Q: 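Let me give you the structure first, and then I'll get to my questions.
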Amino acid sequence: MIVTIVGTGYVGLVTGACLASQGHTVRCVDVSEERVNLIRAGQAPFYEPGLEDLLREGLASGRLSVTTNLPTAMEGSDLSLIAVGTPSKAGQANLPGLEPDLSYLETAAHQIGVELRTLGRYHVVAVKSTVIPGTTRRVVQKVLEAASGMQLGEFGLCMNPEFLREGTAVEDFLNPDRIVIGQADARSGDFLDDLYRPFDCEKPRVGIEEAELTKYASNALLSVLISFSNELAGLCEATPGADVETVMEGLYLDRRLSPTVQGVRIRPEILSYLRAGIGFGGSCLPKDVNALRVYGQRSGVPTPLLDAVMATNAARPAQVLWIAQTALGTLAGKTIALLGVAFKAGTDDLRSSPALSILRALETRGARVQAFDPVVSAEAAERAGLNGAYRQTLESAVEGADAAVITTADPAFRNADWARLSSGMRTPILIDGRNVLRHVTLPALVRYYPIGKGARLADERCGADTRVCRVETRLDAFRVLTSTAETAKAAH
Ligand code: UGA
């Protein structure tokens, strides 16, 4: 098939490179000339394992091309995939900043609609961008019809959500667990079925709105699991002798979560979202949960569960701050190594990274931060405003630190030589925000603070009046975080 893809972000470019590898002719379009030139040179504008190999292969074979010119990219094309961003923009007064910005989507639909007039063949338009239920018909269909002068039926319409994870996007695309085809009619859906013929997985044909909702439902479920685990971690921390990892292990053994097949217990991957940590971030989960809340509010459907999921998540950085402050007595004048700045391991994406919230809160408290991430370049860190805080190596970040805080599960942190690293620290305090060093034997001198384990910290700091003291120190950490968030908002 000849496929046009509008937008060369994560979704568009990974989709384009992977579809070209399966024999389709793919033409990617982007408004940024700089980005197009980079891709033409075989370089991905972001870090994604395996992507550059596929790009180079596709470009060399001629099956993949990139342009800023949409009309050229649509000549003789069977199908257009819209994969432009739908970032959050300032929204309603009671849910500020949660409304998705649809301007890129409208522009893409308009430009495709104009080309439909002269295309001279049946063409299907499929939305891959994550959009609030109703948007594909209410916005995309309407704009396409207005710009083309045609009616739905003369062209096809689908909504085809993506389920790619950053860091494993290429692998996820090439080995999909499902391909959800939201179709306006069977003829439109048949085109997507043809497109995805090389992929062997279930391909449910559903309504357009059901496809839109399936995407949100998937990310909302992940966020619920994460916040549940984190809330449980808090309860374990308040319970002397309790460890969230042991409690979770007991939970996993429920055969409904980990069935035994022929005597072997299967541990489904979903269990990885039932691990306590510093909370979720990235360009998807927080944005999508918030968008679903806005949709609920607009539709008159309260979403107290999702509201609580976000509140629990927003409180996670404060938890780390509390641990650091309690372990060190004070943060003012202390040097803290922040290990990991991306929103998770295996990516250089800093959007909505909980590590950055921790960094700002530490600095507000008067600490000096030395940050490092094995995947994030110094330039990217600088663009994110880290400037002097960023270090080029793990060693230089940890050197002279009063405490180190691990914020991503990067294997480099688990496999590091902690005997050597901790000997270079002023005080060997390790705060493990992702519980990655739980099973590593650390030097005896290291004071190790994982997430969700007993009340050791509060006891160390608070002595006899533990309960009241714990509440006070936590409230204090929340106050810092709230004032940091407010300052950041005011600065925008
Ligand atoms: C997520 C979904 O997993 C994909 O299926 C979806 O396609 C994608 O969003 C999207 O909508 O485009 P991604 O944002 O790459 O993918 O990240 P995940 O690997 O799911 O992690 C999300 C966040 O949850 C990260 O901040 C991660 O550190 C955090 N997390 C994950 C936890 O805090 N605890 C866990 O146990 C697991």
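Counting starts at 1 for both ligands and their atoms, in listed order. What's counted below: heavy atoms across the whole structure, side chains too, no hydrogens, waters or symmetry copies. Heads up: numbering here begins at 1 and tracks the sequence. None of the values given here were measured: they were computed from a predicted structure.
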Q: Would you mind checking which non-hydrogen protein atom is closest to atom 23 (C) of ligand 1, with the distance to 0.1 Å?
A: Phe280 CB, 3.6 Å
Q: If the condition is side chain to side chain contact (heavy atoms under 4.5 Å, CB included), which residues does Ser299 pass it with, not counting sequence neighbours?
A: Tyr295, Val301
Q: Please enumerate all residues that pass side chain to side chain donor-acceptor pair (under 3.5 Å) together with Thr393, with sequence neighbours excluded.
A: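 With sequence neighbours excluded, Thr393 shows a side chain to side chain donor-acceptor pair (under 3.5 Å) to Ser396, given in chain and number order.
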Q: For atom 25 (C) of ligand 1, what is the nearest protein heavy atom, given as residue, atom name and distance?
A: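 Scanning the protein heavy atoms, the shortest distance from atom 25 (C) of ligand 1 goes to Phe343 CD1, 3.6 Å.
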Q: What protein heavy atom sits nearest atom 17 (O) of ligand 1, and how far off is it?
A: Lys344 NZ, 3.4 Å
Q: Looking at Ser272, which atoms of ligand 1 are within less than 4.0 Å of one of its heavy atoms?
A: 35 (C), 36 (O), 37 (C)
Q: Without hydrogens or angle criteria, can the side chains of Thr303 and Arg293 be said to hold a donor-acceptor pair below 3.5 Å?
A: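 No.
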Q: Identify the protein heavy atom lying closest to atom 20 (O) of ligand 1, giving its residue, its atom name and the separation to 0.1 Å.
A: Tyr273 OH, 2.6 Å
Q: Looking only at protein heavy atoms, identify the closest one to atom 30 (N) of ligand 1 and say how far it is in Å.
A: Ile226 CD1, 3.5 Å
Q: What atoms in ligand 1 come closer than 4.0 Å to a heavy atom of Glu166?
A: 15 (O)
Q: Quick one: look at Arg434 and ligand 1, take heavy-atom pairs under 4.0 Å, and tell me if it's side chain, backbone, both or neither.
A: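 The answer is the side chain of Arg434.
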Q: Could you tell me whether some N/O pair between Gly281 and ligand 1 is separated by less than 3.5 angstrom?
A: yes
Q: Between Arg275, Arg316, Arg165, Arg351, flag the one that comes closest to atom 16 (O) of ligand 1 by a heavy atom.
A: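 That would be Arg165.
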Q: Nearest protein heavy atom to atom 2 (C) of ligand 1, by residue and atom, and its distance?
A: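 The closest heavy atom on the protein side is Asn219 OD1, 3.5 Å.
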Q: Check the side chains of Asn160 and Tyr196 for a donor-acceptor pair under 3.5 angstrom, ignoring hydrogens and angles.
A: yes
Q: For Ser103 and Asp101, does a side-chain donor sit closer than 3.5 Å to a side-chain acceptor?
A: yes
Q: Does Ser218 reach ligand 1, in the sense of a heavy atom lying below 4.0 Å from it?
A: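 In this structure, Ser218 fails to qualify as a contact of ligand 1 - no heavy atom is under 4.0 Å.
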Q: For ligand 1, is there an atom lying under 4.0 Å from some heavy atom of Gly282?
A: no
Q: Counting only heavy atoms closer than 4.0 Å, does ligand 1 sit against the backbone of Leu225, its side chain, both, or neither?
A: neither
Q: Among all protein heavy atoms, pick the one closest to atom 10 (C) of ligand 1 and tell me residue, atom and distance.
A: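 Answer, as residue, atom name and distance: Cys284 SG, 3.0 Å.
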Q: Quick one: do Arg438 and Asp243 make a salt bridge, cutoff under 4.0 Å?
A: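 Yes, charged N to carboxylate O under 4.0 Å.
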Q: Can you confirm, on distance only, whether ligand 1 has an N/O atom lying under 3.5 Å from any N/O atom belonging to Lys215?
A: yes
Q: Please confirm whether Gly277 comes under 4.0 Å of ligand 1, counting heavy atoms of the residue only.
A: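 No, Gly277 has no heavy atoms under 4.0 Å from ligand 1.
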Q: Say whether Leu222, considering both its backbone and side-chain N or O atoms, lies within less than 3.5 Å of an N or O atom on ligand 1.
A: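 No, no N or O pair falls under 3.5 Å.
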Q: Check this for me: Tyr104, atom OH, are more than 12 non-hydrogen atoms of other residues, nucleotides or ligands nearer than 6.0 Å?
A: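 Incorrect, the count does not exceed 12.
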Q: Do other residues, nucleotides or ligands put more than 12 heavy atoms under 6.0 Å from Glu202 CD?
A: no
Q: Looking only at protein heavy atoms, which one is nearest to atom 5 (O) of ligand 1, and how far off is it?
A: Phe163 O, 3.4 Å
Q: What distance do Phe173 atom CZ and Gln22 atom CD have between them, rounded to the nearest 0.5 Å?
A: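 Reported to 0.5 Å precision, the distance equals 8.0 Å.
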Q: Any salt bridge between Asp432 and Arg414, counting N to O under 4.0 Å?
A: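 Salt bridge between Asp432 and Arg414, a charged N being under 4.0 Å from a carboxylate O: no.
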Q: Taking all atoms of both residues into account, what is the closest heavy-atom pair of Gly156 and Ser188, and its distance?
A: CA-OG, 3.2 Å
Q: What is the distance from atom CZ of Arg56 to atom CG of Leu64, rounded to the nearest 0.5 Å?
A: 12.5 Å
Q: Which atoms of ligand 1 have any heavy atom of Leu285 under 4.0 Å away?
A: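 Within the 4.0 Å cut-off of Leu285, ligand 1 contributes 1 (C), 9 (O), 22 (C).
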Q: Should Leu164 be counted as touching ligand 1, given the test is an N or O pair under 3.5 Å?
A: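 Yes; at least one N/O pair falls below 3.5 Å.
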Q: Is it the case that the side chains of Thr136 and Glu212 hold a donor-acceptor pair, with the cut-off being a distance below 3.5 Å and no angle test?
A: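 Distance-only check passes for Glu212 and Thr136.
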Q: Show me which atoms of ligand 1 lie under 4.0 Å from any heavy atom of Gly279.
A: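 Within the 4.0 Å cut-off of Gly279, ligand 1 contributes 33 (O).
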